[in-house]
Each structure stands twice: as C-alpha cells, then as structure tokens.
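Counting from 1, the numbers follow the sequence of the chain as shown. Atoms within each ligand, like the ligands themselves, are counted from 1 in listed order. Any value given below was found using the heavy atoms of this structure, including those in side chains, with hydrogens, waters and symmetry copies removed.
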Amino acid sequence: MIRLMEEADLEAVAELERICFSENWSYKLLESGLYSAYDTYYVFAQDGQILGYCNLRILAGEGEVQRIAVRPEFRKKGIAGQLMKSMMEKSAFEQVSAISLEVRESNAPARHLYESWGFQAEAVRKGYYHNPTEDALIMWKRMENADPVCVTARNDGN
Ligand SMILES: CC(=O)SCCNC(=O)CCNC(=O)[C@H](O)C(C)(C)COP(=O)(O)OP(=O)(O)OC[C@H]1O[C@@H](n2cnc3c(N)ncnc32)[C@H](O)[C@@H]1OP(=O)(O)O
C-alpha cells in the first residue's frame, strides 16, 4: 500500500537510496525533507518492508518529481506506476501548472515510466550527473490548468 513516509521509515528509505542510486541521498537529507513544507514523500510498504518510494516537491505553483525508486527484486510489477499516480493526484489537488523532472539519458526504464505518464523530454543538461558522468534530460508534463505564458517563460530559463 501507498502511504506518506514517516520518521520510522527513514532508515529503510536511506537503504533504498544506497541500493538504487550512485549519488544517493543521506538519512539526514531525507529527514530534513520529511519536515519540509514543500516536499511530499510517499512509500510503497508491504509486510513491513519499504519496496519503493518517491518525492514530489511543489514550489511556486510547479511540481518536481525529485526521486522515485523501487527495490530491484520488486521492479516491473507496477509499483512505480502507483507511486506516480499518488504524485499526479497530489499535483492535481494542489493545482500545479506543470511538473518537471531530471533523468539520466540512458535510464530507459525511468524514461519509459515518465513517458507513459505524459512527460516529454524538452531540454538537456550537459554533464549534469557524475559517477558516471552523463547528461540529464529535463522532462515536463503540463497540467490541464496550466498557464501557457508562465510555463513558456520558465522553459526559456527566465
Ligand atoms: C527523478 C528520478 O528519480 S530519475 C531516476 C529514476 N529512478 C531510478 O532510476 C532508480 C532505479 N530504477 C527503479 O527504481 C525502477 O526501475 C523505476 C522506478 C524506474 C521503475 O520502477 P518499476 O516499479 O519497475 O516500474 P513499473 O513496474 O511501475 O513500470 C512502469 C512502466 O515502466 C516500464 N518499465 C519498467 N521497467 C522497465 C524496463 N526495464 N525497460 C522498459 N520499460 C520498463 C513498464 O513496462 C511500465 O510501462 P507500461 O505502464 O507502459 O507497462
């Protein structure tokens, strides 16, 4: 089941980070995020185990999918899809104009996931990632209530 992350989940989520990302978020960073007014963390929990988690940041009327990860042995079972659904519902509830995210260019599973939720790659950040060095794709999804003028301005870097 999907629920909000709690303090008791922090160690398990930090472990998930270590398993899933070469540049992983620390316990301290996750702890500060838990109490941030801008961040919403969801976990997918089953039989007392955290199988997946994600973080949505909402700032100035825009959303950003900052993190999503699923334990390797539980992938391709729709868990990330359920986490995405929770973030999309939260974004709609908060009436964000658009949602963005960054993803490694070579990360086919994540890109497929995001495309299936209506995200489109619109820009590249050269050498954004380290360990190994790689470009980031910036993907966007416009929400139905989007203000086109505002979104265009943001995409031009203004
Ligand atoms: C903003 C960021 O966090 S970017 C980094 C994203 N996170 C990571 O790279 C961490 C490591 N990877 C993972 O944890 C997982 O592979 C995730 C989160 C990308 C996907 O999690 P899963 O639970 O396996 O995804 P889920 O089963 O919900 O599948 C979602 C869609 O992606 C597709 N997909 C999943 N894995 C793959 C794959 N290896 N190759 C191609 N497509 C895939 C599925 O077919 C499904 O598409 P569909 O809805 O059209 O059938």
Side-chain angles (χ1 to χ4, degrees), residues 1-5 9-34 36 38-92 94 96-143 151 154-155 157:
M1 72 161 190
I2 298 211
R3 58 168 173 76
L4 290 171
M5 185 173 80
D9 301 321
L10 286 171
E11 192 48 63
V13 173
E15 189 203 356
L16 193 56
E17 276 281 329
R18 289 191 291 272
I19 293 170
C20 295
F21 295 103
S22 54
E23 296 170 67
N24 46 69
W25 287 7
S26 67
Y27 181 102
K28 279 266 169 233
L29 190 73
L30 292 163
E31 187 180 38
S32 65
L34 180 62
S36 158
Y38 304 116
D39 292 340
T40 304
Y41 285 81
Y42 295 104
V43 296
F44 185 100
Q46 191 173 281
D47 302 329
Q49 216 191 345
I50 302 298
L51 306 186
Y53 101 106
C54 65
N55 171 240
L56 172 74
R57 173 164 293 177
I58 297 179
L59 200 54
E62 287 183 2
E64 183 184 0
V65 175
Q66 290 211 314
R67 239 17 180 194
I68 184 163
V70 173
R71 287 189 79 93
E73 65 272 35
F74 291 95
R75 288 180 190 164
K76 288 190 155 185
K77 295 177 190 296
I79 292 176
Q82 291 185 58
L83 290 164
M84 288 295 292
K85 183 166 182 277
S86 297
M87 290 191 284
M88 295 307 111
E89 286 173 354
K90 170 76 176 171
S91 299
E94 299 292 343
V96 305
S97 57
I99 310 171
S100 67
L101 58 85
E102 282 147 5
V103 60
R104 280 183 184 269
E105 202 163 23
S106 67
N107 193 341
R111 286 177 63 179
H112 186 111
L113 171 72
Y114 301 142
E115 281 161 11
S116 73
W117 282 91
F119 286 80
Q120 290 182 332
E122 297 191 9
V124 176
R125 278 207 177 105
K126 287 277 169 202
Y128 178 77
Y129 292 107
H130 303 286
N131 191 21
T133 301
E134 190 175 344
D135 297 347
L137 291 183
I138 305 171
M139 301 184 82
W140 283 91
K141 176 186 170 77
R142 314 276 178 248
M143 302 299 274
V151 170
R154 169 66 189 260
N155 283 346

Can you check whether Phe74 has an N/O within less than 3.5 Å of an N/O in ligand 1?
no
Backbone of Tyr53 reached by a side-chain donor or acceptor of Arg67 within 3.5 Å
no
Return yes when atom CD of Gln120 has more than 12 non-hydrogen atoms of other residues, nucleotides or ligands closer than 6.0 Å, and no otherwise.
no
For Gly81, the ligand 1 atoms whose distance to one of its heavy atoms is below 4.0 Å
28 (O)
Mind listing the closest non-hydrogen atom pair of Arg57 and Asp39 along with its distance?
NE-OD1, 2.6 Å
Distance-only N or O hit between ligand 1 and Val70, under 3.5 Å
yes
Nearest non-hydrogen protein atom to atom 16 (O) of ligand 1, with distance, is Arg75 CD, 3.4 Å
Does any N or O atom in Ala80 lie less than 3.5 angstrom from one in ligand 1, N or O only?
yes
Output yes when a side-chain donor or acceptor of Glu23 lies under 3.5 Å from a complementary backbone atom of His130, and no otherwise.
yes
For atom 34 (N) of ligand 1, grab the closest protein heavy atom and report residue, atom and distance to one decimal in Å.
Pro109 O, 4.3 Å
Just by modelled atom types, is the Leu56 backbone N or O under 3.5 Å from a matching donor or acceptor in the Lys90 side chain?
no
Selection from Arg67, His112, Lys76 by shortest heavy-atom distance to atom 38 (C) of ligand 1:
Lys76
Please write down residue, atom name and distance for the protein heavy atom closest to atom 29 (O) of ligand 1.
Leu113 CD1, 4.5 Å
Using distance alone, determine whether Ser116 and ligand 1 share an N or O pair under 3.5 Å.
no
Within the side chain of Asn107, is there an N or O that forms a donor-acceptor pair under 3.5 Å with the backbone of Arg104?
no
Ligand 1 atoms nearer than 4.0 angstrom to some heavy atom of Val65 are 1 (C)
Strictly distance-based, threshold 3.5 Å: is any side-chain N or O of Arg3 a donor or acceptor partner for the main-chain N or O of Val43?
no
For ligand 1, indicate whether the residue Gln66 contacts it via side chain, backbone, both or neither (heavy-atom separation under 4.0 Å).
backbone
Non-hydrogen protein atom less than 4.0 angstrom from atom 42 (N) of ligand 1
yes
So does Tyr38 have more than 12 non-hydrogen atoms from other groups sitting under 6.0 Å from OH?
no
Report the part of Lys77 in contact with ligand 1, treating N, CA, C, O as backbone and CB onward as side chain, heavy atoms under 4.0 Å; options are side chain, backbone, both, neither.
backbone
Atom 9 (O) of ligand 1: nearest protein contact (heavy atom, Å)
Asn107 ND2, 2.7 Å
Which protein non-hydrogen atom lies closest to atom 2 (C) of ligand 1, naming both residue and atom, and how far is it?
Tyr114 OH, 3.2 Å
Tyr53 near ligand 1 by a heavy-atom separation under 4.0 Å:
no
Counting only heavy atoms closer than 4.0 Å, does ligand 1 sit against the backbone of Arg104, its side chain, both, or neither?
neither
Quick check against the 3.5 Å criterion: does Gln66 have a side-chain atom that pairs as donor or acceptor with the backbone of Asn55?
no
When you measure from the side chain of Ser91 to the backbone of Gly63, do you find a donor-acceptor pair of N or O atoms at a distance under 3.5 Å?
no
Glu105 backbone acceptor or donor facing Glu134 side chain under 3.5 Å
yes
Do Glu102 and ligand 1 have an N or O pair less than 3.5 Å apart?
no
Run the salt-bridge test on Glu31 and Lys28 with the 4.0 Å N-O cut-off and return the result as yes or no.
yes
Decide whether an N or O pair under 3.5 Å exists between Ile68 and ligand 1.
yes
Which atom pair, heavy atoms only, marks the closest approach of Leu16 to Val70?
CD1-C, 4.2 Å
Using a 4.0 Å heavy-atom cut-off, which part of Phe44 comes near ligand 1: side chain, backbone, both, or neither?
neither
Hey, looking at atom 10 (C) of ligand 1, which of Trp117, Tyr129, Phe21 has the closest heavy atom?
Phe21
Mark the output for Gly78 as yes if a heavy-atom distance to ligand 1 is under 4.0 Å, and as no if none is.
yes
Within a distance under 4.0 Å of any heavy atom of Ala110, pick out the atoms of ligand 1 and give their elements.
6 (C), 19 (C)
Just one of Met87, Met5, Met84, Gln82 clears the side-chain contact (heavy atoms from CB on, under 4.5 Å) bar with Tyr42, so which one?
Met87
